[in-house]
Structures are given as C-alpha cells and as structure tokens.
Amino acid sequence: MELTVTLLLFFALVGTAVAIALVRNLFAVVMLSGVTSLLSALLFIVMDAVDVAFTEAAVGAGISSVLMLGTIALTARHEKAPKRISLVPLAVVSLTGMVLIYGTLDMPNFGAKDSPVQTHVGPDYLQRTPEEIKVPNIVTAVLASFRSWDTLGEVTVVFTAGLGVILLLSGLGRRRRRGRGPS
Amino acid sequence: MMFAFITITIFVCMVMIMIRLFAGPTLYDRVLSLNTFGTCTVLFIGTVGLLFGRPDFLDIALLYALINFVGTIAVLKFFRYRRIGDAPEIPETPDIEASQ
C-alpha cells in the first residue's frame, strides 16, 4: 500500500514537472511549482520525515511562490517561445540524472537495519537520551543538547541574516520616500 | 480498505485539479485550483496517516491548512495590489482609492 501511494505521488510529480516545462504562462508555472512542492512534501510525509515535509511546504509552496510572483511583477508575464529545440541542455540534464541514479545504487535500502545511519551513533543517542537528557523526543535531545554548539551557530547565522535583510529593506524605503519629496 | 478507497479518490481529485491548473484559462482558475490542491493535500495527509496506522499526522495536516490559507491570501493580495509588502502609496485604480 505504501509503495502504491509513493508511486502515485511520483507519477504526479513527473506530470507536474512536464507541465512546468510546457506551459508558457509564468503565473501558471508559479502555481505548478507550488503544487510540486506540496507533492514532494506528501512524499516526505509518506517516508515519515514530517519535519522536512513541513519545511518543504512552508518554503516551497509559501515563501518561494510569493518571491517568484514578485519577480514576475518586475519582469514579464509570458515566457518567449523557443525558436529552436536545443539538445545540449537536454543531454546535460539527462546525463546528470543518470549520474545521480547511479550514485543511489550503492546506497542501503530505505529503512534498512544494517545501514550506517542506524548502526553508527544512532543507538548511542537512543540509549543515552532517557538517562542523560531526560527529553522524550530524541531529535530535540540531539539538536538542543548533544549538538547544542552547532545549533547555537546556526541560530546566530540565521539571526545575522535576518538582521541584515531588515536593515537593508528599511534603509531602501526611507531613501525612496525622501526622493519623492515632502508628503 | 475504506481508507485506501478514500486516498485513491482524493488522489484522482488532485489529478483533476492539476489538469485545471494546467489548462485553466484565467488567473483565478489557477489561484483557486492551487488553494483546492492545498486542501486536498491536507485531506491526503489525514487519510494517509490513518491508512498507515499513524493518526498523529492529523495535527501536521492542520499546520498545512494554515500555510495554505496564508499562501492564498499572499497571492491574492499580490494580484490586487501588485506588490507584497505595504499597501500602495499611489493608488493605481479608482476603486482602490475609494476603499481607502
């Protein structure tokens, strides 16, 4: 049953990708890319990666659609039809796809018990979390306690980026208003 | 068996919505179909959770409903005002001026 659902979702994903390649109206392309990220979020949920799925839905269907709509407002609404079919990009994309599929051949199966993910440090975290950290969620224990320096660094990076964006945007608005004269 | 049937039905609905999104002549067809696709995603998460015996997916489905709502509001606001952030300082059409 799980395989059937996964296959259906993958077929829908491929269909959406082909539709994005065919459609020339860029609004439709933005909406279809939102559908693509919702479908991949569903795939992540079927694979039990709920947090990744939520990030995918928030960033892919939410923020990036809005950003792409803003880009469309600044540029053009319709894509120009290609004058001739160029084969080199198609060849590059197919080759990259084949290399990526070849790279997955060595990987252990999805959810395999003897994969390095399950045998390396995972059991140690599972064993030590209830006694040392006393947090019911193992992921929270790993992020907030075992790797807390790493998380602190990430939070600092995100905070600095947000601060920079806020400073840039507020400065731009003030300059524009001053340029238009007293109002 | 019942949940499998419901899942397949919702998937068929999603495919039909995608066809409308692909073919939809006007802008609003596409916005509405994206919104409906998000709603179908919420339903799909719920039924898949029940199908695989993990009903704790239901609260995640609620979060998706919130994202879908906010996203649709953002897209519609963009279509109305041609920008994302503040309301326009110079109204471009008379009916915006009247509403302010």
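Hydrogens, waters and symmetry mates play no part in the numbers below; they use all other heavy atoms, side chains included. Reminder, nothing fancy here: chain letters follow the sequence lines and each chain counts from 1. Here the structure is a predicted model, which is why all the values come from computation and not from measurement.
In terms of heavy-atom pairs under 4.5 angstrom with chain B, the leader among A:Leu9, A:Ile20, A:Leu74, A:Thr4 is A:Leu9. Chosen from A:Gly15, A:Ala53, A:Gly62, A:Ser65, the residue pairing most often with chain B at heavy-atom distances under 4.5 Å is A:Ala53. With chain A as the partner, the residue from B:Thr72, B:Thr7, B:Leu63 showing the most heavy-atom pairs under 4.5 Å is B:Leu63. Ranked by non-hydrogen atom pairs under 4.5 Å with chain A, the options B:Val15, B:Val48, B:Thr41 are led by B:Thr41.
Side chain of A:Ser145 to backbone of A:Val142: no donor-acceptor contact under 3.5 angstrom is found.
Shortest non-hydrogen contact noted between B:Ile45 and B:Ala61 is CG2-CB, 4.0 Å. B:Ser33 approaches B:Arg20 most closely through the heavy-atom pair CB-CG, 4.4 Å. Between A:Ala141 and A:Ile133, the closest heavy-atom pair is CB-CG2, 4.1 Å. Nearest heavy-atom pair, A:Leu8 versus B:Phe11, reported as atom, atom and distance to 0.1 Å: O-CZ, 3.2 Å. Contact detail for B:Leu21 and A:Ala28: the closest heavy-atom pair is O-CB, 4.5 Å.
Put simply, CD1 on B:Ile19 and CE on B:Met14 are 13.0 Å apart, with the number rounded to the nearest 0.5 Å. Separating the CG atom in B:Leu34 from the CE atom in B:Met18 is a distance of 11.5 Å, to the nearest 0.5 Å.
Of the two parts of B:Val75, the backbone and the side chain both hold a non-hydrogen atom closer than 4.5 Å to a non-hydrogen atom of chain A. Interface remark: A:Ala12 contributes backbone and side-chain atoms alike to the contact with chain B (heavy atom separation under 4.5 Å). Residue B:Ile17: no heavy atom, backbone or side chain, is found under 4.5 Å from chain A. Only the side chain of B:Ile60 comes within less than 4.5 Å of a heavy atom in chain A; its backbone stays farther off. Within the 4.5 angstrom heavy-atom criterion, no atom of B:Leu66 approaches chain A.
Using a 30° and 60° split on the angle between ring planes, B:Tyr64 and A:Phe54 fall in the perpendicular class, above 60°.
For a heavy-atom cut-off of 4.5 Å, chain B lies close to A:Gly34, A:Val35, A:Leu38, A:Leu39, A:Ala41, A:Leu42, A:Ile45, A:Val46, A:Asp48, A:Val50 in residues 33-52 of chain A.
Within a 6.0 Å radius of CD1 in A:Ile63, other residues, nucleotides and ligands contribute 12 heavy atoms or fewer.
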